[in-house]
Number of protein chains: 2
Amino acid sequence: MNNIAPANGPLQAHSLTNLAQNEIERMILGGQFMPGERINENALANQLGISRGPVREACRSLSAMGLVQLVPNRGVFIRVISEEEAREVYEMRAGIFGYAGMLLAHHIDDTQLAYLKRLVGQMEAAAQANDFDRYYAPNLTFHDFLVSATGNQRLLATYHDLVRQLHLFRSRGLVSGDGMLDSNREHRDIVAALEARNPQRAFKAMAGHVEAGQRRALGGAAKHSLATSRGKSFDHLEPYS
Amino acid sequence: MNNIAPANGPLQAHSLTNLAQNEIERMILGGQFMPGERINENALANQLGISRGPVREACRSLSAMGLVQLVPNRGVFIRVISEEEAREVYEMRAGIFGYAGMLLAHHIDDTQLAYLKRLVGQMEAAAQANDFDRYYAPNLTFHDFLVSATGNQRLLATYHDLVRQLHLFRSRGLVSGDGMLDSNREHRDIVAALEARNPQRAFKAMAGHVEAGQRRALGGAAKHSLATSRGKSFDHLEPYS
DNA sequence: CGACTGAATATTGTTGACAGTTTACGGCAG
DNA sequence: CTGCCGTAAACTGTCAACAATATTCAGTCG
């Protein structure tokens, strides 16, 4: 009997379960399923031309990923992210993103910095033209690169999870190009902090950027945690430079 | 048709799938399954007195949680955490734990501080008696409390995931009571930083504590990332107090 | 007219069987 | 004795049917 670990092949190929999982994920993120809505296993299976087994397995996986919620004997529901929970996600994302900056400040190289600067340049052009469509892609790449450049796969995976959950939250409510110029100014701050190889400043810049994004998306004041209205803002850490 | 979100009942009750999931998880963490070993769906289903369906669904869930790895047409394998990956997990755990401290420093109250101090006292007694069994529980509670007291459920969940993956890594290799006194000295530092309501110092104390634990578990030098041999150590942040 | 009751329906939970793939075994050539 | 090849066994992937539970709706009583 072969009980040895598998070679490091592709984690999962194209099985019906994966097909279903990808499809459901796409539907959720694409707005085909609205938060709170139930997924009808039968209907979906028919629609995909497969049987319920793979669909159920896919839903189990998505549940562990936090995209759907399983309720016994009632079915699977598209996860509802309350504003309160969105705040949690933002808080955590700020921490993850800031920590990524902290790690990155240790070993970022000039090539990577140049790449980031080029992205910032692209975003600046798009922002000044008020062209959100052209802003979107480099913005995504910028954030993604910052986390993936840490080399820590788990950090990246967790970051992606959080981003996906936020997509879930503001599905349909996304105010597109609001504050692109402000946002890109923060991007420049981030690059500057990394170029200075200053971990603490990088943390502050990057965590602060997420918080600013939260404020742009959710609106200013926090409803709970009244002691720290405008977010934690990380100003207590120490002045810039 | 009722498409409204479910009431916030227990996320999942006792279905066979959950039974299987809990059982597998228990077996993995309890050392019944060794990393790299394959789970035989049929055998396990028989052993649990259920059919393969629920077992497969449970495995999908565990895969998304990172406890097992699915290989198409070959089966599910207990996740193998390489030393390299363990380093990743430690790195991330340091960030999460440190960030928890940062958040906690904002709003920790005296009751919570008193509780932490009591736990430290219990651990001190156990450490001086070199009694690891008595050290273990309060130690677990201490760490858990620090993260859960942030009030951020996702942070806590992610932290638990990381801890579980580390259990997976050092299953069987766990050197029990090594360095209890050192460890508890760091605990005191953590409490002191929180009592001072100093977020940065709390971050450093708590992230540093995880790093120290990593050094205690994995041994001193990092094999990669040669520039930062003894870990990042967070000493660049600023001198204590 | 509105709230309750109970059957009918829809949907999820679970099972056993079948198809496709991988793994193990045994014979055979060198 | 060793390595290759073909067949048999084992196992995973998928499906369709059955059981258990929840939901809907019509009818009835107050």
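Letters A, B, ... are given to chains in the order of the sequence lines, protein chains preceding strands, and every chain is numbered from 1.
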Toward the 5' end of DNA chain C, by each residue's nearest nucleotide, B:L16 or B:R52: B:L16

Rounded to whole angstrom units, what separation is found between the [atom1] atom of [X] and the [atom2] atom of [N]?
| X | N | atom1 | atom2 | answer |
| --- | --- | --- | --- | --- |
| B:R60 | D:dT14 | CZ | C1' | 13 Å |
| B:R56 | D:dC15 | CZ | C1' | 12 Å |
| B:H14 | D:dA20 | NE2 | P | 16 Å |
| B:L44 | D:dA10 | CG | P | 18 Å |
| A:L48 | D:dT14 | CG | P | 13 Å |
| B:N40 | C:dT22 | CG | P | 17 Å |
| B:E37 | D:dC11 | CD | P | 13 Å |
| B:I39 | D:dA10 | CD1 | C1' | 17 Å |

Which atom of B:A202 lies closest to which atom of B:G101, heavy atoms considered: CB-O, 3.6 Å

Closest approach of A:F77 to A:G36 (non-hydrogen atoms, all atoms of both residues): CD2-O, 3.4 Å

Touch class at under 4.0 angstrom, heavy-atom based, for B:N42 against every strand present: base

Touch class at under 4.0 angstrom, heavy-atom based, for A:G53 against every strand present: nothing

From C:dT11, C:dT15, D:dT14, nucleotide with atom closest to A:S51 side chain: D:dT14

Short side-chain N/O contact to D:dT14 OP1/OP2 from A:T17, under 4.0 Å: yes

Under-4.0 Å side-chain N/O to phosphate OP1/OP2 contact, B:R74 with D:dC11: no

Verdict with reasoning, A:R60 to A:E57, per salt bridge (charged side-chain N to carboxylate O under 4.0 Å, His left out): CA-CA 5 Å; A:R60 273 280 165 179; A:E57 289 184 18; over 6 Å; no

Gap separating the CG atom of B:L155 from the OG1 atom of B:T150, nearest 0.5 angstrom: 5.0 Å

Reported CZ-to-CZ distance for the pair B:R87 and A:R154, which is rounded to 0.5 angstrom: 13.0 Å

Comparing A:N73 and A:E57 on DNA chain D - which has the more 5′ nearest nucleotide: A:E57

